[in-house]
Protein chains: 2
Amino acid sequence: MPKLDESLLSDLPPFSLLERSQIREVLDHAVSRRYEEGTAIFREGHDADRFYMLLDGYLRVVRTTPGGDQIIVLHISPGQLFGIAPALQRDTYPATSIAAAESIALSWPVSLWSDFTTNYPGFATESYKTLGQRLGQIQDTLTEMATQAVEKRVACALLRLVNQTGRKTEGGIEIAFPVTRHDISEMTGTTLHTVSRLLSAWQKDGIVQSTRKHIVVTAPHRLVLLSGIEG
Amino acid sequence: MPKLDESLLSDLPPFSLLERSQIREVLDHAVSRRYEEGTAIFREGHDADRFYMLLDGYLRVVRTTPGGDQIIVLHISPGQLFGIAPALQRDTYPATSIAAAESIALSWPVSLWSDFTTNYPGFATESYKTLGQRLGQIQDTLTEMATQAVEKRVACALLRLVNQTGRKTEGGIEIAFPVTRHDISEMTGTTLHTVSRLLSAWQKDGIVQSTRKHIVVTAPHRLVLLSGIEG
DNA sequence: CGGCAATTTGAATAATATCAATTGTAGTGG
DNA sequence: CCACTACAATTGATATTATTCAAATTGCCG
């Protein structure tokens, strides 16, 4: 295993308050791994034996119903902790994490969790902040799902992707990892057919530009209007 | 202010590991208050200046959209901590809490949060366990909302109420606080009309028995079937 | 007893899912 | 390099569910 460089973590909030030597310790206990697109990092209901930090790539956090339907609960971007079930005193993961693009993550055994929270200033704080944000995000999604029509939900989902992972290109803001119509339908609780129709219509209107697994939002402001965020 | 009795807390998980004297300290810092049905304990977005323990009654946790629609995110039963935004490093409450029935709650200023978590064994653990359960619950609701048809969602919502707050009576299991058709529609993201029609049909089928603001489930097993929890 | 809130119910409508078939695109291996 | 295959996307037609609109009824509280 190659030695990991300290600069990997030194700017990330959970570790930004640490001394160089502490970061060294953290890295020395970490396992680094690469995940192919489509691979599961861990699965819902399994023993939560490790916690993670995403260094590069993007993840989908997914739940599956007994009936086999899937929904995408949220996405994870580089620099975020995930699989931090131990923070909530859970001994199993509450959802499945799948690499939405080729990804790299560090991980540590849960047995180190209490060491981290007690010895490393800012680590606990940041972890709980992350959880708080995620809880808020899920509540937002729930509220949206319960009250908004499909078109608005899809618009909101796209905007969320754009805000979290978008990068500017000529011609608009591009979503940084592969997304299919089907993925979006799983984020919004609709069918890929409906999503396809909506995206086609928006493309005709010049709001988005999309090819296979790839979406560029060309007129974000108009998408915001469609999303119905009233003042 | 009357002195609060130690037996109030001694059996509740967050405090069950404490010495008598510690419970005394906790109570001496607590403010006890009664809330009329329909009263807000705190509101979404406001400064999270206190955290709470529900002693008696029931609460609805509610979010409101810019458009004025409301949804009920979850319910809180006696013995549960709530308003524990500080645990997630939030400085505002992420939702509104309303007394669904006349209720009594203790509260403490957030400034005591870190004292509680560091000095009182088991308190932090239980708080985070509660959050973990709540996060799981919300994810369940989200998944359900995204994948299930209205009838199943309403069946699930009723079952959830029954499981959390139901008490056996002759003739079935009764939901322990006032619930309107409108409330159920806000739990399930549908209209009160649809809920009314469903309950009427179920009543005709002998599955529930309901009067104004009051529901008794007479055939829980059949409701489970309707809820579509497949093996 | 009056009035408000909760509930019920019918009919019309619109949104979205379902069904079904086709086209397009990328990757694979001969 | 091309054919083959698997996956992704499009699109029309139809079916259906649940909302919306509208109105009436019921029960409770003061």
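Chain naming here is simple, since letters A, B, ... match the order of the sequence lines and numbering starts at 1 in each. All of these numbers come straight from a predicted model, not from anything done at the bench.
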(message) How would you summarise protein contacts on nucleotides 18-28 of chain D per nucleotide, using B for base, S for sugar-phosphate only and - for none, with heavy-atom distances below 4.0 Å?
(response) SBBBB----BS
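The separation between A:L192 atom CG and D:dA8 atom P is 10 Å, rounded to whole Å. Rounding to whole angstrom units, NE2 of residue B:H214 and P of D:dC29 are separated by 13 Å. One atom, CG of A:D183, and another, P of D:dA8, lie 8 Å apart when rounded to the nearest Å. One atom, CD1 of A:I184, and another, C1' of D:dA9, lie 12 Å apart when rounded to the nearest Å.
A side-chain donor from one of A:R50 and A:S107 sits under 3.5 Å from a side-chain acceptor of the other. No hydrogens or angles considered: nothing links the side chains of A:T130 and A:S127 as a donor-acceptor pair under 3.5 Å. The closest side-chain donor-acceptor pair between B:R181 and B:S210 falls under 3.5 angstrom.
Under the ring-ring contact (aromatic ring centres under 6.0 Å, His included) criterion, B:Y35 pairs with no residue, sequence neighbours left out. When the ring-ring contact (aromatic ring centres under 6.0 Å, His included) test is applied to B:H75, the partners found at least two apart in sequence or on another chain are B:F177.
Annotation: side chain of B:W202 is in contact with side chain of B:V154 (closest heavy-atom distance under 4.5 Å). B:M53 is listed as a side-chain neighbour of B:L12, based on a closest heavy-atom distance under 4.5 Å. Residues A:E126 and A:L81 are not in side-chain contact: their nearest non-hydrogen atoms beyond the backbone lie 4.5 Å or more apart. Contact check for B:I173 versus B:V216: no side-chain heavy atoms found under the 4.5 Å cut-off. Residues A:Q209 and A:E174 have side chains not in contact (no heavy-atom distance under 4.5 Å, counting atoms from C-beta outward). For the pair B:M145/A:L142, a side-chain contact is recorded, criterion being any heavy-atom separation below 4.5 Å from C-beta on. Contact of the B:T92 side chain with the B:E44 side chain is not registered, since no non-hydrogen atoms from C-beta on lie closer than 4.5 Å.
Residue B:T180 is in sugar-phosphate contact alone, with no base atom involved, counting any heavy-atom pair closer than 4.0 Å across all strands shown. Within the 4.0 angstrom heavy-atom criterion, no nucleotide atom of any strand lies near B:L199. Heavy atoms of B:S200 sit under 4.0 angstrom from primed sugar atoms or phosphate atoms, though from no base atom.
Non-hydrogen atoms lying under 4.0 Å from DNA chain C are contributed by nothing in residues 169-177 of chain A.
Taking 4.0 Å as the cutoff to heavy atoms of chain B, we find the contact window on DNA chain C bounded by C:dA5 to C:dA11.
Recorded end-axis angle for the helix from C:dC1-D:dG30 to C:dG30-D:dC1 stands at 40°, based on five pairs per end and rounded to 10 degrees.
The ring of A:F82 has its center no closer than 6.0 angstrom to the ring center of A:F51.
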